[in-house]
Amino acid sequence: MGAQNFSRLGQSALLLMGIASIVGCPQVTSSSQRVEPSPNPSISQTAVDLASPVSSIFIASETETAEVPAEHGVAYTICSEISDWQRPSEGDQAKQLQADARYEGALQDDPLKSLVDSFWQHRVLSFATYGLSARVDPINFSGLWTVADDIWAECYSGNEGERINSGEIAEAWLMYHRVTSLSWQDGQYVIEVEPSDAGVQVIQFERLEVEENLPILVVDAGDQPIEVFSGDW
């Protein structure tokens, strides 16, 4: 109950003492609670302890970026998995690209030749943008054109391209590997994988940073790094 102001000068001392005896400090009820931070540290949080003094209450602004913990699990989805996929032979790959009018006359010269070679030689690709080619070129250059319809239907049938370009999610292609865990450690995404004799996985995961170049490390069960090639171009 708050203190009352009395304007009458003629109030009796007894009345004043009675009022004073029932005026107390505000009490925190059992409904007071702390709004805990979301498991997703990329979202600005409003952490308010209703039982704390005003000076200790912190409200994050909408533009403030929450600090990402040094080690943090990262949510991911395997949007496409073709367990029996094998890369086509080099001969079949060359025929496929040469038959595509978009690459006519440019496959033997840089910069396209070096780009095609990099996609072909790597077994792990990362993406932080959807790109102007809408995945057509990376799929063709990496040899995934044999399963292109499956990947497009399973990974890009909704607004995934927009979410990638807005920095909400990123993507990795794991060829001849399967993901076992994904975490944020020491300022980078760490994807642990196990090798396989065949197959490809396309995984999409939430982004916890806003870097232009996706900070990513892929390691096997023995913590040995596997080279990652950025498919953004």
If you group Ile, Leu, Val, Met, Phe, Trp and Tyr whenever their side-chain heavy atoms sit less than 4.5 Å apart, what else falls in with Val219? Val190, Leu217
Full working for side-chain contact (heavy atoms from CB on, under 4.5 Å) between Asn140 and Leu97: CA-CA 7 Å; Asn140 287 342; Leu97 296 184; 4.0 Å; yes
For Leu208 versus Trp184, what's the shortest heavy-atom pair and its separation? CD1-CB, 3.7 Å
Between Gln93 and Pro88, the two heavy atoms sitting closest are OE1-CG, 3.8 Å
Quick one: does Ile164's side chain get under 4.5 Å of Glu171's, heavy atoms only? yes
Tell me every residue that passes salt bridge (Lys or Arg N to Asp or Glu O under 4.0 Å) with Asp150, counting only those two or more places apart in sequence or in another chain. none
Checking Ser196 side chain against Gly199 main chain: does a donor-acceptor pair fall under 3.5 Å? no
Salt bridge (Lys or Arg N to Asp or Glu O under 4.0 Å) partners of Lys113, counting only residues at least two apart: Asp117
Short question: side chain of Glu160, backbone of Ile169 - any donor-acceptor pair under 3.5 Å? no
Donor-acceptor contacts under 3.5 Å from residues 118-126 side chains, at least two apart:
residue, atom, partner, partner atom, Å
Ser118, OG, Ser114, O, 3.1
His122, ND1, Ser118, O, 2.7

Could you walk me through whether Asp110 and Leu115 pass the side-chain contact (heavy atoms from CB on, under 4.5 Å) check? CA-CA 8 Å; Asp110 284 331; Leu115 184 67; over 6 Å; no
Transitively linked via ILVMFWY side-chain contacts under 4.5 Å: Phe229 with Val202? yes
Quick one: sort the Trp173 and Phe127 rings into parallel, tilted or perpendicular, breaks at 30° and 60°. tilted
Please tell me whether Phe141 and Tyr103 form a close aromatic pair, meaning their ring centres lie under 6.0 Å apart. yes
Write down the atom of Asp232, the atom of Ala128, and the distance for their closest heavy-atom approach. OD2-N, 2.9 Å
Partner set under ring-ring contact (aromatic ring centres under 6.0 Å, His included) for Trp85, not counting sequence neighbours: Tyr176
Ser133: partners by side chain to side chain donor-acceptor pair (under 3.5 Å), with sequence neighbours left out: none
Apply the test side-chain contact (heavy atoms from CB on, under 4.5 Å) to residues Val200 and His177: give CA-CA distance (whole Å), side-chain angles for both, the deciding distance (0.1 Å), then the verdict. CA-CA 7 Å; Val200 58; His177 292 87; over 6 Å; no
CZ on Arg135 to CG on Leu144, rounded to 0.5 Å: 11.5 Å
Partner set under side-chain contact (heavy atoms from CB on, under 4.5 Å) for Asn159, not counting sequence neighbours: Glu162, Arg163
So Ile151 and Asp149, do their side chains get closer than 4.5 Å, heavy atoms only? no
For side-chain contact (heavy atoms from CB on, under 4.5 Å), just list the numbers for Glu192 and Val179, CA-CA rounded to whole Å, side-chain angles, deciding distance to a tenth of an Å, and then say yes or no. CA-CA 6 Å; Glu192 295 185 13; Val179 61; over 6 Å; no
Can you name the side-chain contact (heavy atoms from CB on, under 4.5 Å) partners of Ser83, sequence neighbours left out? Arg178
Under the side-chain contact (heavy atoms from CB on, under 4.5 Å) test, residues paired with Ala148 that sit two or more places apart: Ile139, Trp152
Is there a path of hydrophobic side-chain contacts, each under 4.5 Å between heavy atoms of I, L, V, M, F, W or Y residues, that connects Ile203 with Val193? yes
How far does OG1 of Thr146 sit from CZ of Arg87, to the nearest 0.5 angstrom? 10.5 Å
Below 3.5 Å, can you tabulate the donor-acceptor pairs from side chains in residues 74-82 to any protein atom, sequence neighbours excluded?
residue, atom, partner, partner atom, Å
Ser80, OG, Glu154, OE1, 2.5
Glu81, OE2, Gln201, NE2, 3.1

How many angstroms lie between atom CG of Asp109 and atom CG of Leu112, to the nearest 0.5 angstrom? 9.0 Å
Asn165: partners by side chain to side chain donor-acceptor pair (under 3.5 Å), with sequence neighbours left out: none
Please round to the nearest 0.5 Å and tell me the distance separating atom CD of Gln204 and atom OH of Tyr156. 6.0 Å
Contact between Glu209 and Leu214 at the side-chain level, heavy atoms closer than 4.5 Å - yes or no? yes
Ile216 and Ile191, any side-chain heavy atoms less than 4.5 Å apart: yes
What pairs of residues pass the disulfide bond (SG atoms under 2.5 Å apart) test when at least one of them lies in residues 171-205, not counting sequence neighbours? none
